[in-house]
A.B. asks: 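This is the structure, below, for whatever I ask next.
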Amino acid sequence: MRASQFFIATLKEAPSDAEIISHQLMLRAGLIRRLAGGIYTWMPMGLRVLRKVEAIVREEMNRAGAIELLMPAVQPFELWEESGRGPGYGPELLRFKDRHQRDFVIGPTHEEVITDIVRREIKSYRQLPRNFYQIQTKFRDEIRPRFGVMRGREFLMKDAYSFHTTFADLQREYQRMHAAYTNIFTRLGLKFRAVAADTGSIGGTGSHEFHVLADSGEDAIAFCPASDYAANVELAEALAPKIVGAGETATMEKRATPGKTKCADVAEFLGVPITHMVKAIAVMAGAASEPQFTLLLLRGDHDLNEIKAQKHIGEFRFARDEEIEKHLGCRPGYIGPVPNHPTEPTLKPFLDEGPDLQFTGEVRVIADRAVGAMKNFVCGANEAGYHLTGVNFGRDLPLPTEIVDIRNVVAGDPSPDGKGILELCRGIEVGHIFQLRTKYAEALKCTYLDEQGKDQVMEMGCYGIGVSRIVGAAIEQGHDERGIVFPQNIAPFSVVIVPMAYAKSEMVKTAADALYEQLCTAGIDVLLDDRDERPGFMFADWELIGVPHRIVVGERGLKEGQLEYKGRTDTEAGMVSADEMLGFIQQKLSA
Ligand code: ATP
Ligand code: MG
């Protein structure tokens, strides 16, 4: 490609609404242009990147035995009613009517359509298993489209759907797709992790997300560097700490903490580490008609994991101030698990020789596993302006009967697989594989005849890759102050030739043209920048665009039979003999 015949649309500044670096760089490098919120044109330069990503995905899917087809973007809403998913899908599903007032949607995903095809086409166990895939445009009316192509409304996805006679065969294909995805993201040159995306109820293999690791990622991931354990922070289990000795040495004391209602402030004020604090979160659990006032106890530095809590207590909401006052006799900020109101004489105290105290209302107390093992801790006194120090379970209050995992894991926690210590990082979800089982096949009556001639429902898996999102994710991972640093396999061009004074020097022009022809003939994806701009201007463009290899053709070097070479991340340029340049570049490209 010659620059004069191509379209380069670099910008000096990124539009101010681009929040993250990949979005800014994609606009500045002229890879994309915005048409409407979450809807982008892939400009010629960007399209080359997208096509390269696509090609790698396609090659690996084919290699893994999946079969390509192409389904329509427009789908009849009827199918979504049949699967039962239509009504629940919500406003992310873009619906419209055709001229006959029939309802249609623009496909956000294609389980319904592929299942419809398979139920019509596949009749016998002899035709199974099959894995069909497409690389196709999706539309999801995302509530917050942002970060450019990373969370667009219109985006390109590779989606595959496999059909099987048995669950075991689905699991086999799932492993194969897991391996194919690993190959794809490795070939794309990305740092990534496969993350368990469910709670492990089906042995942890029911669903995995593939994440590109990047600080700007929307998802928090916990992983163990010593093993392949990785999970969404929301789902990673926090193990119970080992209980160490007795050590209830401190006596319980009531301390004035006026105006200190936040855990961190109380800890600082009392001069104790925040890890010695217990915070109580008051929630109303259960049915709205009969909510149960519940205190969730967490160590001061830990965060409540609402998904885990919900698993244990069902739907809940945070308690209102008046509900807290009613049950604890105290306003928020100073609440805690130690009852401090005299019991009525008829009520038996919780410990034989313990204090004769209770809450002012019915209170269910649930402790996180970490809290269950704490000694000599600090908590609210259920009296405005006061906290208790040196508190111990079994002596100052009963050990809660419910001690469960309700917090987010933090860095330094033991890995649930017992193989090391967890670290946290952020990730961008670029792929998702899922064992759907018979969910769609059952609803849409997608059946086959087994060896006995009996009708059976198919087992099904689905496997998505965010093809357009990958481009943004790759840039999040690869950039510097001068622009994009593309992995070699997906850069818009592998090599750029920048001639100095192309229009003025016959010698330069001849040499640059010859080199260009030579590289083209060798099948190298090369661009000759014949725009005849100032060298600094051209250099800046190609560094912004992120082309991995740059060759400068100048009179001074040519007189000594030399060309200048610089890799995108090299700190300095070096000279290479003009005769050896082809071999030199080929070697770089195969590295
Ligand atoms: P997310 O949690 O990011 O919304 P999802 O769980 O909705 O993703 P899937 O339905 O599994 O995504 O879709 C498969 C893949 O498509 C995702 O792994 C992601 O890479 C990509 N993808 C999903 N939504 C978008 C979007 N709005 N823009 C770009 N890519 C997307
Ligand atoms: Mg989504």
Side-chain angles (χ1 to χ4, degrees), residues 233 238-283 294-305 309 318-319 321 324-325 327-341 350-351 354-355 357 359-360 363 365-400 403-414 421-424:
V233 160
L239 299 178
K242 291 196 189 73
I243 311 256
V244 277
E248 294 100 347
T249 48
T251 43
M252 186 165 81
E253 268 180 64
K254 192 163 102 179
R255 303 272 299 270
T257 50
K260 310 288 177 206
T261 58
K262 294 225 164 58
C263 226
D265 297 342
V266 177
E268 198 193 327
F269 181 76
L270 295 175
V272 297
I274 192 159
T275 51
H276 289 203
M277 302 282 309
V278 166
K279 60 184 170 196
I281 299 171
V283 301
T294 306
L295 277 187
L296 303 174
L297 305 183
L298 289 163
R299 203 171 81 182
D301 58 324
H302 287 158
D303 288 326
L304 177 66
N305 180 312
F318 294 100
D321 287 6
I324 294 174
E325 291 238 38
H327 289 87
L328 301 175
C330 171
R331 59 184 163 81
Y334 305 95
I335 64 173
V338 183
N340 67 344
H341 291 269
F350 73 88
L351 286 177
L357 300 168
F359 295 115
T360 51
V363 180
V365 180
I366 298 174
D368 179 66
R369 286 169 172 172
V371 171
M374 283 172 77
K375 313 222 180 285
N376 305 321
F377 58 83
V378 177
C379 61
N382 289 324
E383 187 177 334
Y386 292 93
H387 280 80
L388 300 171
T389 62
V391 184
N392 284 285
F393 289 119
R395 186 190 70 187
D396 309 316
L397 74 166
L399 184 67
I403 300 178
V404 289
D405 175 20
I406 51 169
R407 70 172 171 97
N408 286 331
V409 292
V410 294
D413 278 338
I421 298 297
L422 288 182
E423 283 182 25
L424 299 190

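Residue indices begin at 1 and follow the sequence shown. FYI, side chains are in, hydrogens and waters are out, and symmetry mates aren't considered; it's all heavy atoms of this structure.
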A.B. asks: Taking all heavy atoms of A282 and all of I335, pick out the closest pair and write down the distance.
C.D. replies: CB-CD1, 4.2 Å
A.B. asks: Just checking R331: does its CZ atom have more than 12 heavy atoms from other residues, nucleotides or ligands closer to it than 6.0 angstrom?
C.D. replies: no
A.B. asks: Let me confirm one number: the OH-CD distance from Y334 to E383, rounded to the nearest 0.5 Å.
C.D. replies: 11.0 Å
A.B. asks: Would you compute the distance between atom CE of M277 and atom NZ of K262 and round it to the nearest 0.5 angstrom?
C.D. replies: 13.0 Å
A.B. asks: Backbone N or O of G329 within a donor-acceptor pair of the T360 side chain at under 3.5 Å?
C.D. replies: yes
A.B. asks: Taking only Lys NZ, Arg NE, NH1 and NH2, and the carboxylate oxygens of Asp or Glu, determine whether D413 and R407 approach each other closer than 4.0 Å.
C.D. replies: yes
A.B. asks: Looking at SG of C379 and CG of D396, how far apart are the two atoms once the value is rounded to the nearest 0.5 Å?
C.D. replies: 8.5 Å
A.B. asks: Would you please indicate if the ring centroids of H327 and F359 are separated by under 6.0 Å?
C.D. replies: no
A.B. asks: With no hydrogens and no angle check, is any side-chain donor or acceptor of K279 less than 3.5 Å from a backbone partner on C263?
C.D. replies: no
A.B. asks: Identify the two heavy atoms, one from L297 and one from V365, that lie closest to each other, and give their separation to 0.1 Å.
C.D. replies: CD1-CG1, 3.7 Å
A.B. asks: Answer yes or no: is there an ion pair linking K260 with E268, defined by an N-O contact shorter than 4.0 Å?
C.D. replies: no
A.B. asks: Cut-off 3.5 Å, side chains only: do N408 and D303 have a donor facing an acceptor?
C.D. replies: no
A.B. asks: Using modelled atom types and a 3.5 Å cut-off, is there a donor and acceptor pairing between side-chain atoms of N382 and backbone atoms of G336?
C.D. replies: yes
A.B. asks: Quick one: do Y386 and R255 satisfy side chain to side chain contact (heavy atoms under 4.5 Å, CB included)? Show the steps, please.
C.D. replies: CA-CA 6 Å; Y386 292 93; R255 303 272 299 270; over 6 Å; no
A.B. asks: Checking side chain to side chain contact (heavy atoms under 4.5 Å, CB included) between D368 and each of V278, N305, D405, I403, which is the one that passes?
C.D. replies: D405
A.B. asks: Yes or no on side chain to side chain contact (heavy atoms under 4.5 Å, CB included) for T294 and V363, after CA distance, side-chain angles and deciding distance?
C.D. replies: CA-CA 6 Å; T294 306; V363 180; over 6 Å; no
A.B. asks: Roughly how far, to the nearest 0.5 Å, is the NZ atom of K375 from the CZ atom of R395?
C.D. replies: 10.5 Å
A.B. asks: Among I274, V272, T257, which one satisfies side chain to side chain contact (heavy atoms under 4.5 Å, CB included) with V378?
C.D. replies: V272
